[in-house]
There are 2 protein chains.
Amino acid sequence: MPLPEITVHYKDPHSYPSGIAFLDEQYVSMEQAKISVLDYGFLHSDATYDVAHVWKGAFFRLDLHLERFFSSLEKLHMNVPYDRDEITEILHNCVALSGHRDAYVEFICTRGNSPSFSRDPRDAINRFMVFAIPFGSVANKDQMARGLHAAISDRVRIPTSSVDPTIKNYHWLDLVQGIYDAYDKQAETAILLNENGDIAEGPGFNVFAVKDGRVRTPGHGVLQGITRRTVFDLCAELDLSCRETQISPEELSQADEVFISSTAGGVMPITRLNGTSVGAGVLGPIFEKIKKMYWDKHSDPQWSLPIRYSSSA
Amino acid sequence: MPLPEITVHYKDPHSYPSGIAFLDEQYVSMEQAKISVLDYGFLHSDATYDVAHVWKGAFFRLDLHLERFFSSLEKLHMNVPYDRDEITEILHNCVALSGHRDAYVEFICTRGNSPSFSRDPRDAINRFMVFAIPFGSVANKDQMARGLHAAISDRVRIPTSSVDPTIKNYHWLDLVQGIYDAYDKQAETAILLNENGDIAEGPGFNVFAVKDGRVRTPGHGVLQGITRRTVFDLCAELDLSCRETQISPEELSQADEVFISSTAGGVMPITRLNGTSVGAGVLGPIFEKIKKMYWDKHSDPQWSLPIRYSSSA
């Protein structure tokens, strides 16, 4: 039996969303936004990233995302050859070139590889890349209107003793398996526990419980989300009590309101937990207040950075 | 300030090892072995893989790697459009086309993406890929001769309650941080603990302790390595006791011999732990016996599958 031919020019049969990526000093279409299968960012999930969003032509709180990204880099012993201003310019250019008014903008640093393909991570040349694609949300329009249905998984979010959750990372298999567990329970998304059996977080979001007018969110074993941080800031402006605390699955189930926060969608309601209504089973008044202020703040110059979509603008 | 130009044809400035990859029905050079940054195999490390090796022109125990790969796929709700025989043929072709007599052959299934870029993993079309590059080893020649220097990290390997370690996966940030901890202690590699404080595994390898002629390895929270399994099989042939058991850090430090197992290098000695000699501080007699038999077995037809390097052969 003859050996197959080697294909000299690989043909990509897949489709991609519209958008612009930056890698190796080049701005390219999403079809070309690829990494080597040998990059340790893939082979060891040895990478960190951040996601900022653009809404109505402006970045929202980009400074906080940049701050967290540089903190994650340091914790992983990684370096990028750009400072904050340079990264801001690259992110801006990806969005401007994409033309997207509402965009999901991810910036990534992977361990990369060493020129000699050494296994020593200190020898690797870290790689920086960015992509800007259409804005996405954890909850779709219907779910935003009626509230998401979630299941509390008995799967434990990867604990802090293994992976520092303040480093934004791609270790999601626990979350993905939690999603499948949730589907088995006729729910739409999952909330995982921390190693003590208390509520941790879900796939791409932090969790909030409202009880007797007070807003609470887990403090241990969770990503320090920028939207989570924004909820704290908004609660302060709204004169609402908002604090980190342990939340047991029972406490979450007995909350008056439950909502989640993510750059992908902002604040989003959960109205069913484990097949049972949360509170009255409808969007709660405190959630509605926070949500309104969250979107209003997108036009506040203090929290937004406008995109110049054309060179002449 | 004008916006930058979009690059129509991305130019890749990086170098790659010699080898052949398979993706989307095409056999390509390693320069072209890439995945989209949007593939959930990257963005969520939602992928599984296996690594087989070729030594002196033949696969070693490929059937066991295939068995584990298909088991991992099932646990992750993933599918590939090939059966075992078809995958065997693809792996074979990658090696034959690469020309490598000693090769490291990785086969991967990623979650992929859905055509609509839905966040629901059930909508994604899983992707299968393979690459064959030159054989690599955890321990270099010098380390094989004198033994590796390892440090026991106080970092906890991602526990089974979060990610099932029998699914071979890319969640390595705990291992990578363990390596950096080891470097800080002037060691060359790290051994991580399980959530009970006992020995788990290291970056890419299982750990064995020999005490009073008996071989022991952790059973909880570790990858069921194929080389680990081979050590059990070899010990049976050598009439040595080999069993799974808890091993505390103290027990490992007091072992007569310590060695590790990995497809990347076979069995490899550890002669220093936390700056102190293991046993006599030299390669142990039981390790040497197992290592000799391990390499001898590579020419046993029962455990090997020869590569046909040319169509006429």
Side-chain angles (χ1 to χ4, degrees), chain A residues 1-7 10-17 20-21 24 26-30 32-38 41-46 77 93 96-97 108 115 117 119 121-122 129 131 136 138 155-159 161-163 169-174 176 179-180 183 310-311, chain B residues 1-7 10-17 20-21 24 26-30 32-38 41-46 77 93 96-97 108 115 117 119 121-122 129 131 136 138 155-159 161-163 169-176 179-180 183 311:
Chain A
M1 203 164 53
L3 290 176
E5 295 283 316
I6 294 174
T7 301
Y10 163 75
K11 275 198 188 134
D12 186 340
H14 306 288
S15 59
Y16 297 91
I20 292 290
D24 298 315
Q26 299 161 69
Y27 292 89
V28 298
S29 64
M30 289 307 295
Q32 301 185 83
K34 294 184 180 178
I35 63 163
S36 168
V37 294
L38 299 177
F42 175 56
L43 289 186
H44 291 166
S45 196
D46 191 359
H77 314 271
N93 290 344
L97 291 170
I108 304 163
F117 293 91
R119 296 175 75 94
R122 294 170 302 183
M129 57 201 84
F131 62 85
V138 171
R155 199 169 292 267
V156 175
R157 183 68 179 121
I158 295 172
S161 52
S162 296
V163 178
N169 68 73
Y170 289 138
H171 285 41
W172 265 59
L173 274 182
D174 51 344
V176 173
I179 292 173
Y180 277 98
Y183 293 153
S310 74
S311 302
Chain B
M1 202 165 51
L3 290 175
E5 295 283 317
I6 294 175
T7 300
Y10 164 74
K11 276 199 189 134
D12 187 340
H14 306 289
S15 58
Y16 296 91
I20 292 290
D24 297 316
Q26 299 161 69
Y27 292 89
V28 298
S29 64
M30 289 307 296
Q32 301 185 81
K34 295 185 179 178
I35 64 163
S36 168
V37 293
L38 299 177
F42 175 56
L43 288 187
H44 291 167
S45 196
D46 190 0
H77 314 271
N93 290 344
L97 291 169
I108 305 163
F117 293 93
R119 296 175 75 95
R122 295 171 300 183
M129 57 200 83
F131 63 84
V138 171
R155 199 169 292 266
V156 174
R157 183 68 178 117
I158 294 172
S161 53
S162 297
V163 178
N169 69 73
Y170 289 138
H171 285 41
W172 265 59
L173 273 182
D174 51 343
L175 297 168
V176 173
I179 292 173
Y180 276 98
Y183 293 154
S311 302

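In what follows, chains carry the letters A, B, and so on, assigned in the order in which the sequence lines appear, proteins first and then strands, with residues in each chain numbered from 1. These numbers were taken from a predicted model, which means no experiment stands behind them.
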Note to self: Please rank P115(B), P159(B), S29(B) by heavy-atom pairs under 4.5 Å with chain A and give me the top one.
What the structure shows: P159(B)

Item checked: For the student: nearest non-hydrogen atoms of Y183(B) and P121(A), plus distance -> OH-CD, 3.7 Å

Check: Any idea which of P4(B), S15(B), P13(B) has the most non-hydrogen atom pairs under 4.5 angstrom with chain A?
Finding: P4(B)

Next item on the list: Could you check which of I35(A), I158(A), N93(A) has the highest count of heavy-atom pairs closer than 4.5 Å to chain B?
Entry: I35(A)

Check: Which atom names give the shortest non-hydrogen contact between R157(B) and H171(B), and what distance separates them?
Finding: NH1-O, 3.0 Å

Checklist line | chain B contact via D24(A) - side chain, backbone, both or neither, heavy atoms under 4.5 Å | finding: side chain

Check: With chain A, which of I108(B), D12(B), D46(B) has the greatest number of heavy-atom pairs at distances under 4.5 Å?
Finding: D46(B)

Checklist line | Partner chain A: residue of H14(B), Q32(B), M30(B) with the largest heavy-atom pair count (under 4.5 Å) | finding: H14(B)

Checklist line | Part of L43(A) within contact of chain B (heavy atom distance under 4.5 Å) | finding: both

Item checked: Proximity breakdown for F117(A) and chain B, heavy-atom pairs closer than 4.5 Å -> side chain

Item checked: Minimum-distance pair of heavy atoms, taken over all atoms of Y27(B) and E5(A) -> CB-O, 3.9 Å

Note to self: Report which part of V176(A) has an atom under 4.5 Å of a heavy atom belonging to chain B: side chain, backbone, both, or neither.
What the structure shows: side chain

Item checked: Option in I6(B), L173(B), L175(B), V28(B) with maximal non-hydrogen atom pairs under 4.5 Å from chain A -> L173(B)

Next item on the list: Under 4.5 Å heavy-atom distance to chain B, tell me which part of Y180(A) shows up: side chain, backbone, both or neither.
Entry: side chain

Notebook entry, point to check: Heavy atoms, side chains only, cut-off 4.5 Å: are V156(A) and D174(A) in contact?
Noted result: no

Next item on the list: Would you mind reporting whether F131(A) and S36(B) have side-chain heavy atoms less than 4.5 Å apart?
Entry: no

Checklist line | Max heavy-atom pair count under 4.5 Å with chain B, selected residue of G136(A), A21(A), P17(A) | finding: P17(A)

Next item on the list: Return the minimal non-hydrogen interatomic distance between S310(A) and L3(B), and the atom names on each side.
Entry: CA-CD1, 4.4 Å

Next item on the list: Identify which part of R155(A) has an atom lying under 4.5 Å from any heavy atom of chain B, answering side chain, backbone, both or neither.
Entry: both

